[in-house]
> 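I'd like to ask some things about the structure below.
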Amino acid sequence: MNQLVIIGGQVHVTPLLNDFLRQERFDRVIAADSGLEWARRLSICPDLMLGDFDSVSPETLQYFRAQSIPERQYEARKDFTDSELALWAALDEAGPGDTLWMLGGIGSRLDHTLANVFLLYEPLKRGVRAGMLDGHNEVRLIQGPASLELTRREAQPYVSLLPFLGEASGIDLEGMAYPLQDYTLRPGKSIGISNEVSGERATIRLRQGYLLVMRSCDTN
């Protein structure tokens, strides 16, 4: 199963994002609170909408309610963000080998942005391949032993690596502008920032630990 979870934060409607949405086929779409604004702008009809609905406009909320889309409404004072609730709703229908993408989640609130990045941990524990994107950035979390193939993207040239929850060891980078061999990335070090795919393809190998793989671009 391939699912899309549209959450709050900023979404940049770039050619890269449009290509992604055109090429992917989603079996299920969930929109959380202000994620409904982006769903409406992108002409995506969710299969489920949820949240406390304090960040979505009344007009957009009514627009989707008029379509009789199933919804789950929560109190504003709760122990979970709307993004986490949407993720759990997606995981209820996901199994090992399935794919889950979160659209949005990166914005002016650094606390929310970091919390959303950390949400990638739960799908990984369940064997669900998950990522987060906003049109400028793409974030994925891998656990060793793992191998990840990357293709060159002119619109998203930078590839950055950060260790997650401790050291990430046995890192091999092939086809990158700055290759590494059997390297250990430790928290607090920035050597993994702003690498690039040097040819058409590159490979990231990780022996042990968790590694955030981020693809990004400069914006004006």
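For reference, positions follow the sequence shown, starting with 1.
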> Between the side chains of R77 and D52, is the shortest nitrogen-to-carboxylate-oxygen separation below 4.0 Å, so that they form an ion pair?
no

> Under a 4.0 Å N-O cut-off, is there an ion pair linking R40 with E59?
no

> Does D79 have any side-chain contact (heavy atoms from CB on, under 4.5 Å) partners at least two apart in sequence or in another chain, and if so, which?
none

> Walk me through whether L148 and L206 qualify under side-chain contact (heavy atoms from CB on, under 4.5 Å).
CA-CA 9 Å; L148 184 62; L206 172 67; over 6 Å; no

> Count the heavy atoms belonging to other residues, nucleotides or ligands that lie under 6.0 Å from CZ of F118, then report whether that count exceeds 12.
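Counting neighbours around CZ of F118, 12 or fewer heavy atoms of other residues, nucleotides or ligands fall under 6.0 Å, so no.
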
> State, with a plain yes or no, whether a side-chain heavy atom of V13 is found less than 4.5 Å away from one of N18.
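Of all side-chain heavy-atom pairs linking N18 with V13, at least one is under 4.5 Å.
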
> In terms of heavy-atom contacts, does CZ of R215 have more than 12 from other residues, nucleotides or ligands at under 6.0 Å?
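Counting neighbours around CZ of R215, more than 12 heavy atoms of other residues, nucleotides or ligands fall under 6.0 Å, so yes.
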
> Is any side-chain heavy atom of D218 closer than 4.5 Å to a side-chain heavy atom of Y158?
yes

> For P187 and P163, work out which heavy atoms get closest and say how close.
N-CG, 3.7 Å

> Got a second to check how far M49's CE is from T60's OG1, nearest 0.5 Å?
10.5 Å

> Can you find a heavy atom in the side chain of Y74 that is under 4.5 Å from one in the side chain of L50?
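Yes - at least one pair of side-chain heavy atoms lies under 4.5 Å apart.
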
> Donor-acceptor pair, R25 side chain versus R22 backbone, under 3.5 Å?
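Looks like yes, one N/O pair under 3.5 Å.
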
> Find the distance between CG (L133) and CD1 (I106) and round it off to the nearest 0.5 Å.
8.0 Å

> Tracing side-chain links under 4.5 Å among I, L, V, M, F, W and Y, which residues wind up in one group with L110?
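Members other than L110 - counting any ILVMFWY side chain reachable under 4.5 Å - are L114.
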
> May I ask you to test the I7-L87 pair for a side-chain heavy-atom distance under 4.5 Å?
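No, too far: nothing below the 4.5 Å cut-off.
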
> Does N2 reach the main-chain N or O of F26 with its side chain, forming a donor-acceptor pair under 3.5 Å?
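Checked: no pair found.
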
> Same cluster or not: are V139 and V128 linked, directly or through other Ile, Leu, Val, Met, Phe, Trp or Tyr residues, by side-chain heavy atoms under 4.5 angstrom apart?
yes

> Are the side chain of S147 and the backbone of R205 linked by a donor-acceptor contact shorter than 3.5 Å?
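Looks like no, no N/O pair under 3.5 Å.
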
> Can a donor-acceptor pair be found, under 3.5 Å and without considering hydrogens, that links the side chain of R129 to the backbone of G97?
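Present.
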
> Honestly curious: do F164 and I193 fall in one hydrophobic cluster under the side-chain, below-4.5 Å linking rule?
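Yes; I193 is reachable from F164 via cluster members.
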
> Using the rule that two of Ile, Leu, Val, Met, Phe, Trp, Tyr join whenever any of their side-chain heavy atoms come within less than 4.5 Å, decide whether V29 and F20 are in one cluster.
yes

> Heavy atoms only: give me the nearest D47-D27 pair and the separation to one decimal.
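In this case the closest contact between D47 and D27 is OD2-O, 4.2 Å.
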
> Give, for atom CG of L48 and atom CD1 of I69, the distance between the pair rounded to the nearest 0.5 Å.
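So the gap between those two atoms works out to 9.5 Å.
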
> Distance check, rounded to the nearest 0.5 Å: N137 atom CG versus Q156 atom CD?
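Nearest 0.5 Å value for the CG-CD distance: 7.0 Å.
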
> For W38 and G9, indicate whether the former's side chain and the latter's backbone hold a donor-acceptor pair under 3.5 Å.
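Such a contact is found between W38 side chain and G9 backbone.
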
> Output, in order, the C-alpha distance, side-chain angles, deciding distance and verdict of side-chain contact (heavy atoms from CB on, under 4.5 Å) for E138 and W101.
CA-CA 10 Å; E138 177 185 302; W101 285 100; 3.9 Å; yes

> For residues L4 and I44, determine if any side-chain heavy atom of one lies less than 4.5 Å from a side-chain heavy atom of the other.
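Answer yes - side chains close enough.
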
> What closest approach, in Å, do L36 and A31 show between heavy atoms, and which atom pair accounts for it?
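That closest heavy-atom pairing would be CD2-CB, 3.6 Å.
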
> Centres of the F80 and W88 rings: under 6.0 Å?
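So the answer is no for these two rings.
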
> Under the side-chain contact (heavy atoms from CB on, under 4.5 Å) rule, what do D33 and D54 come out as? Steps first, then yes or no, please.
CA-CA 7 Å; D33 207 314; D54 65 348; 3.1 Å; yes

> Specify the closest pair of heavy atoms between H112 and T81, including all atoms of both residues, with the distance to one decimal.
CE1-CG2, 4.2 Å

> Does the R140 side chain pair with the main chain of G131, one donor and one acceptor, at a distance under 3.5 Å?
no

> Between Q3 and A90, what is the shortest heavy-atom contact and its length?
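The answer is NE2-O, 2.8 Å.
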
> Determine, for E37 against R41, whether the closest basic-nitrogen to carboxylate-oxygen distance falls under 4.0 angstrom.
no

> Heavy-atom count around Q73 CD within 6.0 Å, excluding the residue itself: above 12?
yes

> Would a single hydrophobic cluster contain both L124 and I142, if residues Ile, Leu, Val, Met, Phe, Trp and Tyr are joined by side-chain heavy-atom contacts under 4.5 Å?
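I142 and L124: separate clusters.
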
> So if you build clusters from Ile, Leu, Val, Met, Phe, Trp, Tyr with side-chain heavy-atom gaps below 4.5 Å, do M102 and L141 land together?
yes

> Atom CZ in F53, atom OG in S34: separation rounded to 0.5 Å?
11.0 Å

> Can you name the closest pair of heavy atoms from G170 and D182 and give their distance?
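Closest pair (atom of G170, atom of D182, distance): CA-OD1, 3.5 Å.
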
> Kindly compute the distance separating CG (D19) from CZ (R153), expressed to the nearest 0.5 Å.
10.5 Å

> Provide the full list of side-chain hydrogen bond (donor to acceptor under 3.5 Å, both in side chains) pairs with a residue in residues 189-203, sequence neighbours left out, each pair given once.
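Of all non-adjacent pairs touching residues 189-203, those that pass side-chain hydrogen bond (donor to acceptor under 3.5 Å, both in side chains) are E149-T203.
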
> Within the 4.5 Å heavy-atom criterion, are E84 and L119 side-chain neighbours or not?
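They are in contact (side-chain heavy atoms under 4.5 Å apart), so the answer is yes.
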
> Within a radius of less than 6.0 Å around CD of Q208, do more than 12 heavy atoms belonging to other residues, nucleotides or ligands occur?
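Incorrect, the count does not exceed 12.
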
> If you define the side chain from C-beta out and look only at heavy atoms, does anything of V117 sit under 4.5 Å from M132?
yes

> Under 4.5 Å between any side-chain heavy atoms of M1 and D98, yes or no?
yes

